[in-house]
Amino acid sequence: MFKSTNVTARIFERQIHTPAPGTSVHCARRFYENMVPSFTIYDIECPDHSFRKFTDDGQYLISFSRNHQDLIVYRPTWLSFSCKEEDCSTHDLPPQAKRFESFFTQLYCVTLASCNELICKDFFLSMENNQFGLFATSTAQIHDAPANGGAIQGVPFIEKITFHLLRLEDGVVLDEKVFHNDFINLAHNMGVFLYDDLLAIVSLRYQTIHILQVGDSGKLVDVRAIGSFCREDDELFLISNSQWTETSDSSRLHPLPGAHVENGSQHNRINQDDSFLTGIKQRLLSFIFRGIWNEETDQTLRFQCLKKKFYFHFQDYVDLIIWKVQFLDRHHLLIKFGSVDGGVSRNVDNHPAFFAVYNMETTEVVAFYQNSADELYFLFEQFCDHFHATSRNSLHLNFISSHSNNVHALEQLKSIKNKTGSFPQFVKKMLASLPFGCQSQSPSPYFDQSLFRYDEKLISATDRHRQSTDHPIKFISRRQPHTLKFKIKPGPEAGTVDGRTKRISSFLFHPFLPLALSIQQTLFLQPSVVNIHIRR
C-alpha cells in the first residue's frame with residue numbers, strides 16, 4: 001500500500017485498494033492533509049456583525065447584528081476570478097478578495113428581538129436535518145430577585161425568555177416558546193440540549209426540566225415537565241387527594257352553605273409547602289436510601305450505615321438543585337446536581353456536585369455518582385463518545401476526536417493524569433465538563449487529532465473564545481511529525497501595536513471545506529479584525 005502523502009498517489013491508491021470495513025471515512029479524511037487552508041487574507045472588508053458558527057451541513061453561516069436585534073444568515077461561496085497568465089498561482093489575488101461578499105452571500109436578515117429583548121449571541125442549535133434553527137432572545141438579567149411561587153432563593157431572574165424556531169432556508173419563524181419570570185442559562189447552550197427531535201430546557205429558577213419535541217412542520221410541542229412532578233397525572237392525583245382531605249375536614253367543621261374554595265388554590269398550597277419534596281428530589285432520595293440500605297444485610301449495621309451516610313447528609317441532599325442536563329438517549333437524562341451558588345457561578349470547581357441518570361419513561365433514578373467517583377471517571381474515559389449523544393445520522397459529528405476514539409487524545413489524557421498530584425482532584429477536573437454542551441464542538445477535519453497536532457490552549461474543536469496571541473497557531477502533520485501543514489494567525493498581519501489591550505479570538509471552521517474565519521476582538525466594542533483562511 002502506498003504511504004505517500006502526494007494527492008495524486010492517494011487518488012491512485014483509492015482506485016486500486018478497498019479500505020478495511022468501517023474505515024472508509026477515515027481513509028477519505030486523509031485527503032485533508034493535502035487540502036489545507038494555508039493562505040490567509042488579512043483584515044477583510046467585513047460587516048460589523050457577531051459571527052456565531054457554520055451549520056453542521058456547511059450550508060449556512062449564522063451571525064447577529066451588533067445591537068443584538070437581527071439575525072443575518074449567509075451562504076458560503078468561493079472566490080472566483082479569471083487570470084490570463086500561464087501561472088496564476090504566483091500572482092496576487094484580485095482586490096475583491098478583500099471583501100467578505102466574495103466568499104459569502106447574504107440570504108436574509110430577520111429581526112428576532114422586540115422591545116427590550118436582546119438576542120443571545122452565544123446560543124444557537126440546528127436540528128438534525130439542518131432544516132430548522134433554534135435561537136433565543138431575553139430581557140436583562142435581574143439579581144437579588146424575590147423567590148416567589150416556588151422559585152429558588154439566590155437564582156437570578158429574567159422577565160422574558162423567548163425561543164424562536166426558524167426555517168433556515170428562508171428565515172421564516174415557525175414557532176416560539178416563551179418563559180416568563182424564569183432563569184435559563186443560555187450561554188454556550190448550557191441550559192438547553194437537543195437530541196434528534198427532542199429538546200430539554202432547564203429552568204434553574206423553578207427547577208424544572210421541560211421536554212419538548214420539534215415536529216416535522218416546525219412546531220414546538222410540550223412532551224413533559226420533570227421537576228415538581230415526574231408523571232403526567234402526578235399533579236392531578238395530589239390535587240384530588242388534597243380536595244378529598246379538605247372536603248373531609250370541612251364536613252367536620254360544618255361550613256356555611258355559601259362557603260367555597262377559589263379555583264386552583266389547592267395547587268398553589270401544594271407547591272408552596274416547603275416540607276413537600278419535589279418529584280425528582282423524592283426519586284433521588286429514594287434511590288440513595290435504597291442503595292445504602294442494600295449495602296448491609298445485618299439490621300443493626302444497616303441502621304448505623306443509614307444514620308451515618310443518609311440521615312446525616314439528608315439536608316445536604318434536599319438542598320441540591322439541578323444545574324445542567326443532557327440526553328444520553330431518547331429515554332435517559334444525565335442530570336448534574338449541586339448547590340445554589342454553583343448553579344449560577346461561572347467557576348464551579350470549588351462547589352460539590354453530583355450526577356444522576358434518570359429514566360424519563362419509568363421516572364426512576366438508575367445511577368448516582370459524586371463528582372469524584374472513580375467509577376464514573378472510568379466510564380467517561382472509556383466511553384466518552386456516549387456522553388456526547390450525537391445523532392447516528394449526523395456523519396460529520398460522529399468523527400469528532402475524543403480520548404475514547406483517538407489514541408493521540410488518549411495519550412494526552414494519560415499524560416495529564418500522570419502529571420497530576422492528586423487523582424481525586426484530577427477526576428473532579430475531568431468530570432467538570434459533564435454534562436457536555438450541546439453542539440459545542442466543531443466537526444472540521446482539521447481538528448482531527450489523527451491528522452493534525454496543534455496547541456489546544458490556543459485553539460481546539462470546542463466552541464470557546466481564546467486569549468489572542470500575535471504568534472501564528474501551527475498545525476503539524478501526525479504522519480510526518482516535523483512537517484508544518486498550515487498556520488492560522490488571528491488579528492492584523494503585522495500584529496497589534498498596543499500590547500496592553502486584552503484581545504480574544506474565536507475561530508469558525510467550515511465542517512468540510514478548507515475554509516476558516518478567525519475573529520479577533522477587544523473588550524471595548526471596537527470593530528473586530530476578521531481574517532479568512534482558504535486553500536489557494
Side-chain angles (χ1 to χ4, degrees), residues 1 3-5 10 19-37 349 355 369 371-390 395-437 440-464 466-467 469 471-488 507 509 511 516:
M1 180 178 287
K3 296 296 183 181
S4 174
T5 58
R10 281 182 164 171
T23 65
S24 58
V25 175
H26 292 285
C27 291
R29 284 167 71 92
R30 291 177 185 170
F31 278 90
Y32 282 103
E33 292 180 331
N34 301 90
M35 311 285 289
V36 296
D349 295 341
F355 298 93
Y369 304 96
N371 64 339
S372 58
D374 295 351
E375 181 183 356
L376 180 59
Y377 168 75
F378 290 127
L379 290 173
F380 170 74
E381 181 176 295
Q382 298 174 31
F383 306 103
C384 181
D385 291 346
H386 292 266
F387 289 95
H388 281 288
T390 57
L395 178 62
H396 303 294
L397 291 174
N398 288 328
F399 291 91
I400 294 175
S401 296
S402 71
H403 47 260
S404 62
N405 65 24
N406 188 283
V407 63
H408 304 288
L410 180 60
E411 289 177 357
Q412 187 176 10
L413 177 68
K414 290 182 176 179
S415 174
I416 298 173
K417 185 198 300 186
N418 295 333
K419 293 177 181 178
T420 188
S422 170
F423 184 71
Q425 290 298 322
F426 168 77
V427 171
K428 287 183 180 181
K429 183 178 179 180
M430 291 295 105
L431 297 182
S433 59
L434 293 179
F436 284 126
S440 61
Q441 291 189 298
S442 169
S444 170
Y446 301 108
F447 292 119
D448 189 338
Q449 295 196 35
S450 63
L451 299 178
F452 302 99
R453 177 171 55 87
Y454 46 86
D455 188 348
E456 290 201 56
K457 295 179 181 178
L458 302 178
I459 193 171
S460 74
T462 304
D463 177 25
R464 287 292 186 274
R466 307 279 174 168
Q467 185 71 35
T469 175
H471 303 288
I473 302 170
K474 299 179 180 180
F475 285 73
I476 310 296
S477 171
R478 283 287 186 187
R479 287 158 55 89
Q480 299 170 300
H482 302 291
T483 301
L484 173 65
K485 284 297 182 178
F486 67 100
K487 297 181 291 185
I488 295 288
F507 305 91
F509 277 73

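Please read these numbers as outputs of a predicted model, since none were measured by experiment.
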Roughly how far, to the nearest 0.5 Å, is [atom2] of [Y] from [atom1] of [X]?
X      : Y      : atom1 : atom2 : answer
Asp463 : Phe507 : CG    : CZ    : 12.0 Å
His403 : Gln382 : NE2   : CD    : 9.5 Å
Leu431 : Asp374 : CG    : CG    : 9.5 Å
Leu410 : Ser415 : CG    : OG    : 11.0 Å
Gln480 : Lys485 : CD    : NZ    : 5.5 Å
Gln412 : His408 : CD    : NE2   : 11.0 Å

Restricting to ring-ring contact (aromatic ring centres under 6.0 Å, His included), what partner residues turn up for Phe355, sequence neighbours left out?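 So Phe355 forms no ring-ring contact (aromatic ring centres under 6.0 Å, His included) with any residue.
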More than 12 heavy atoms from other groups under 6.0 Å of NZ on Lys414: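 At most 12 heavy atoms, drawn from other residues, nucleotides or ligands, come within 6.0 Å of this atom.
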Whether the side chain of [X] engages the backbone of [Y] through a donor-acceptor N/O pair (distance < 3.5 Å, no angle test) should be reported.
X      : Y      : result
Ser433 : Met430 : yes
Ser401 : Gln449 : yes
Thr462 : Arg464 : no

Below 30° counts as parallel, above 60° as perpendicular, anything between as tilted: where do the rings of Tyr377 and Phe380 land?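 If you compare the ring of Tyr377 with that of Phe380, the planes turn out tilted.
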If the condition is side-chain contact (heavy atoms from CB on, under 4.5 Å), which residues does Ser402 pass it with, not counting sequence neighbours?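 With neighbours one apart ignored, the set is Cys384, Asp385, Ser404, Asn405.
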Is any side-chain heavy atom of [X] closer than 4.5 Å to a side-chain heavy atom of [Y]?
X      : Y      : value
His388 : Gln441 : yes
Ile476 : Thr483 : no
Ile459 : Phe509 : yes
Tyr369 : Leu379 : yes

So, applying salt bridge (charged side-chain N to carboxylate O under 4.0 Å, His left out) with Asp448, which one of Arg29, Arg478, Arg30 is it?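 Among Arg29, Arg478, Arg30, the one that satisfies the salt bridge (charged side-chain N to carboxylate O under 4.0 Å, His left out) with Asp448 is Arg29.
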Would Val427 and Phe378 count as a side-chain contact (heavy atoms from CB on, under 4.5 Å) if you check the C-alpha gap in whole Å, the side-chain angles of each, and the deciding distance to 0.1 Å? CA-CA 9 Å; Val427 171; Phe378 290 127; over 6 Å; no
Which heavy atom of Ile488 sits nearest to which heavy atom of Phe486, and what is that distance?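 Heavy atoms of Ile488 and Phe486 come nearest at CG1-CE1, 3.8 Å.
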Among residues at least two apart in sequence or on other chains, which ones pass side-chain hydrogen bond (donor to acceptor under 3.5 Å, both in side chains) with Ser460?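 For Ser460 the side-chain hydrogen bond (donor to acceptor under 3.5 Å, both in side chains) partners, ignoring immediate neighbours, are Arg466.
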Check whether the ring centres of Tyr454 and Tyr446 lie less than 6.0 Å apart, and answer yes or no.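 Ring centroids of Tyr454 and Tyr446 are no less than 6.0 Å from each other.
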